[in-house]
Amino acid sequence: MKRWLRQRVDAAYERLLSREISGAPTHVAVIQDGNRRYARKQGGDAHEGHRAGAETTERVLEWCQDIGVEELTLYAFSTENFERPADEREALFDLLESKLREFADADRVHDNEVHIRALGDVDRLPERVRSAVDYAETQTRDYDEFVLNIALAYGGRAELLEAVRGVAEDVDAGDLEPAAIDVEDIEQRLYDRPVRDVDLIIRTGGDERTSNFLPWHANGNEAAVFFCTPYWPEFSKTDFLRGIRTYEHREESWRRTRARRALALLGAVSEPELADARAIVDRFRDSLPSSERPDAGEFETGDSSGQIAD
């Protein structure tokens, strides 16, 4: 297909997807895969691929803000990346440093009140990158309109392990009872500031795995996942909107499932449980096909035994 025709088709499809989007996830997490493969395809080196990917990152930030996403987390540097060749690693550190400082000074960041923060074992990074992280976080620390998390020296298992160690130390010191350990005890040890549950994970580059990314906030929330084949520098707004549509379909499916389960339970629950089941059905009634929607007065109880009236 000729290039001009492909561009027109892509633009039309993007407009169609934009019209179909009716809502946005609160927190999107992105695994930016394929920078090096993109560079090889173009005949360049890995550094050129990472620079091209950084431009995509800036566009995705704008797309998220355009549709109402409130938090974006980017998997920029994993713990496994420390094993890459020294020259590639150092070039990536240079890019991270320059982009963190550039973002921290960008008018669009301040105009949109973007709060930048790093997630991961930042102490393992070179001093120049740590300094850039401190600068970006300091420059934007008073903002709360939008949160941009940069995952650096990040590993999901290591993150959870550190949190568990912190809990164990408090138990050993007598400051925390094992029976009293709850979700909040883990979450407050993961990050200095709260991170929203992840609604959607996007991974580019063709691999269909989440690479242990934000396991507490994504797996625990049953986040939708969108895998796509373009390398990160090639990731387009159309691809992004397809990911958002995947989230919406996942959310619609979840709502229908909750409503159907509640309907199935209504005939078998006791009176104390009946109010909860009714509340679920009322909340998700519109998610069901019209043929499955119950009437508003369908759940009146008959006698004190809690049986559903015929």
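The figures that follow rest on heavy atoms only: side chains count, while hydrogens, waters and symmetry mates do not. All residue numbers in this chain count up from 1 along the given sequence.
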**OP:** List the atom of Asn212, the atom of Gly155, and the distance in Å for their closest heavy-atom pair.
**Re:** ND2-C, 4.5 Å

**OP:** Is it possible for you to say whether Trp216 and Val28 belong to one hydrophobic cluster, with membership spreading through side-chain heavy-atom contacts below 4.5 Å?
**Re:** no

Original post:
Would Arg89 and Glu83 count as a salt bridge (Lys or Arg N to Asp or Glu O under 4.0 Å) if you check the C-alpha gap in whole Å, the side-chain angles of each, and the deciding distance to 0.1 Å?
Top reply: CA-CA 8 Å; Arg89 195 171 60 240; Glu83 304 302 319; over 6 Å; no

Subject >> NZ or CZ of Arg108 within 45° of Phe103 ring axis and under 6.0 Å >> reply: yes

Original post:
Do Glu48 and Arg36 touch side chain to side chain, with heavy atoms closer than 4.5 Å?
Top reply: no

**OP:** Salt-bridge test for Glu58 and Lys99: reply yes if a basic N is under 4.0 Å from a carboxylate O, no otherwise.
**Re:** yes

**OP:** Report the residues that fulfil side-chain contact (heavy atoms from CB on, under 4.5 Å) with His47, sequence neighbours left out, ordered by chain and then residue number.
**Re:** Asp45, Arg51, Ala91

**OP:** Could you grab the distance from atom OG1 of Thr73 to atom CZ of Phe213, nearest 0.5 Å is fine?
**Re:** 5.5 Å

**OP:** Kindly compute the distance separating CG (Asp144) from CG (Asp142), expressed to the nearest 0.5 Å.
**Re:** 9.0 Å

**OP:** Taking all non-hydrogen atoms of both residues into account, name the closest pair between Tyr231 and Gly205 and its distance.
**Re:** CD2-CA, 4.1 Å

Original post:
Which atom names give the shortest non-hydrogen contact between Ala52 and Pro233, and what distance separates them?
Top reply: CB-CB, 3.8 Å

**OP:** Look at the side-chain heavy atoms of Ile, Leu, Val, Met, Phe, Trp and Tyr, link any pair under 4.5 Å apart, and say whether Tyr143 and Ile150 land in one connected group.
**Re:** no

Original post:
Just how far is it from atom OG1 of Thr79 to atom CG of Asp121, taken to the nearest 0.5 Å?
Top reply: 9.0 Å

**OP:** Test Val147 against every option in His27, Glu70, Arg117 by the side chain to side chain contact (heavy atoms under 4.5 Å, CB included) rule and name the one that passes.
**Re:** Arg117

Original post:
What are the two closest non-hydrogen atoms of Ala46 and Glu88, and how far apart are they?
Top reply: CB-CD, 3.8 Å

Original post:
CD/Glu71 to CG/Asn149 distance, rounded to the nearest 0.5 angstrom?
Top reply: 4.5 Å

Original post:
Is Thr229 reaching over with its side chain to a backbone N or O of Gly206, donor-acceptor style, under 3.5 angstrom?
Top reply: no

Original post:
With a 4.5 Å limit on heavy-atom distance, are the side chains of Val69 and Thr26 in contact?
Top reply: no

**OP:** Taking the side chain as every heavy atom from C-beta outward, state whether Asn112 and Phe146 have any pair of such atoms under 4.5 Å apart.
**Re:** no

Subject >> Heavy-atom check, side chain of Leu61 versus side chain of Cys64, under 4.5 Å >> reply: no

Original post:
Can a cation-pi geometry be assigned to Arg124 and Phe82, taking NZ or CZ under 6.0 Å from the six-membered ring centre and within 45° of the ring axis?
Top reply: yes

Original post:
Donor-acceptor pair, Trp232 side chain versus Gly53 backbone, under 3.5 Å?
Top reply: yes

Original post:
Does Leu200 reach the side chain of Val225, with side-chain heavy atoms less than 4.5 Å apart?
Top reply: no

Original post:
With a distance cut-off below 6.0 Å to the six-membered ring centre and an angular limit of 45° from the axis, does Arg101 pair with Tyr135 as a cation-pi contact?
Top reply: yes

For residues 164-171, which side-chain N or O atoms pair as donor and acceptor with protein atoms under 3.5 Å away, sequence neighbours left out?
unit_1	atom_1	unit_2	atom_2	d
Arg165	NH1	Glu162	OE2	2.7
Asp170	OD2	Arg189	NH2	2.1

Original post:
Between Arg128 and Ser131, does a side-chain hydrogen bond (donor to acceptor under 3.5 Å, both in side chains) hold up when you go through it step by step?
Top reply: CA-CA 5 Å; Arg128 66 185 187 279; Ser131 177; over 6 Å; no

Original post:
Within a strict 4.5 Å, meaning less than it, do heavy atoms of the Leu74 and Leu148 side chains meet?
Top reply: yes

Subject >> Distance-minimising heavy-atom pair for Pro230 and Thr204 >> reply: O-CB, 3.2 Å

**OP:** Could you tell me the separation between the CD1 atom of Ile201 and the OH atom of Tyr75, rounded to the nearest 0.5 Å?
**Re:** 10.5 Å

Subject >> side-chain hydrogen bond (donor to acceptor under 3.5 Å, both in side chains) between Tyr154 and Glu159, worked out >> reply: CA-CA 8 Å; Tyr154 179 87; Glu159 174 185 76; 3.1 Å; yes

Original post:
Is any side-chain heavy atom of Leu72 less than 4.5 Å from a side-chain heavy atom of Val30?
Top reply: yes

**OP:** Taking the side chain as every heavy atom from C-beta outward, state whether Gln32 and Thr57 have any atom pair closer than 4.5 Å.
**Re:** yes

Original post:
Between Arg141 and Thr138, does any side-chain donor sit less than 3.5 Å from a side-chain acceptor?
Top reply: no

Original post:
Is the backbone of Phe227 close enough, under 3.5 Å, to the side chain of Arg203 for a donor and an acceptor to pair up by distance?
Top reply: no

**OP:** Give the cluster check for Val109 versus Trp63: same hydrophobic cluster or not, with ILVMFWY residues linked at side-chain heavy-atom distances below 4.5 Å.
**Re:** yes

**OP:** Give a yes or no on whether the backbone of Ala24 and the side-chain of Glu248 come within a donor-acceptor separation of less than 3.5 Å.
**Re:** no

Original post:
Can we call the ring centroids of His217 and Tyr191 under 6.0 Å apart?
Top reply: yes

Subject >> Check: Asp239 main-chain N/O paired with Ser236 side-chain donor or acceptor under 3.5 Å >> reply: yes

**OP:** Report yes or no: do Ile31 and Leu214 belong to one cluster of Ile/Leu/Val/Met/Phe/Trp/Tyr joined by side chain heavy-atom distances under 4.5 Å?
**Re:** yes

**OP:** Supply the atom-to-atom distance Ile202 CD1 to Thr210 OG1, rounded to the nearest 0.5 angstrom.
**Re:** 14.0 Å

Using residues 173-184 as the side-chain source, report each donor-acceptor pair under 3.5 Å to any protein atom, sequence neighbours left out, with the distance given to one decimal.
unit_1	atom_1	unit_2	atom_2	d
Asp182	OD1	Glu184	N	3.3
Asp182	OD1	Asp185	N	3.1

Subject >> Side chain Asn81, main chain Ser78, donor-acceptor under 3.5 Å >> reply: yes

**OP:** Spell out, yes or no, whether Leu119 and Val129 are grouped together once hydrophobic residues are joined by side-chain heavy atoms under 4.5 Å, including indirect joins.
**Re:** no

**OP:** Verify the neighbour count for atom CD of Glu145: are there more than 12 heavy atoms of other residues, nucleotides or ligands below 6.0 Å?
**Re:** no

Subject >> Shortest non-hydrogen contact between Gln65 and Val114, atoms and distance >> reply: NE2-CG2, 3.2 Å

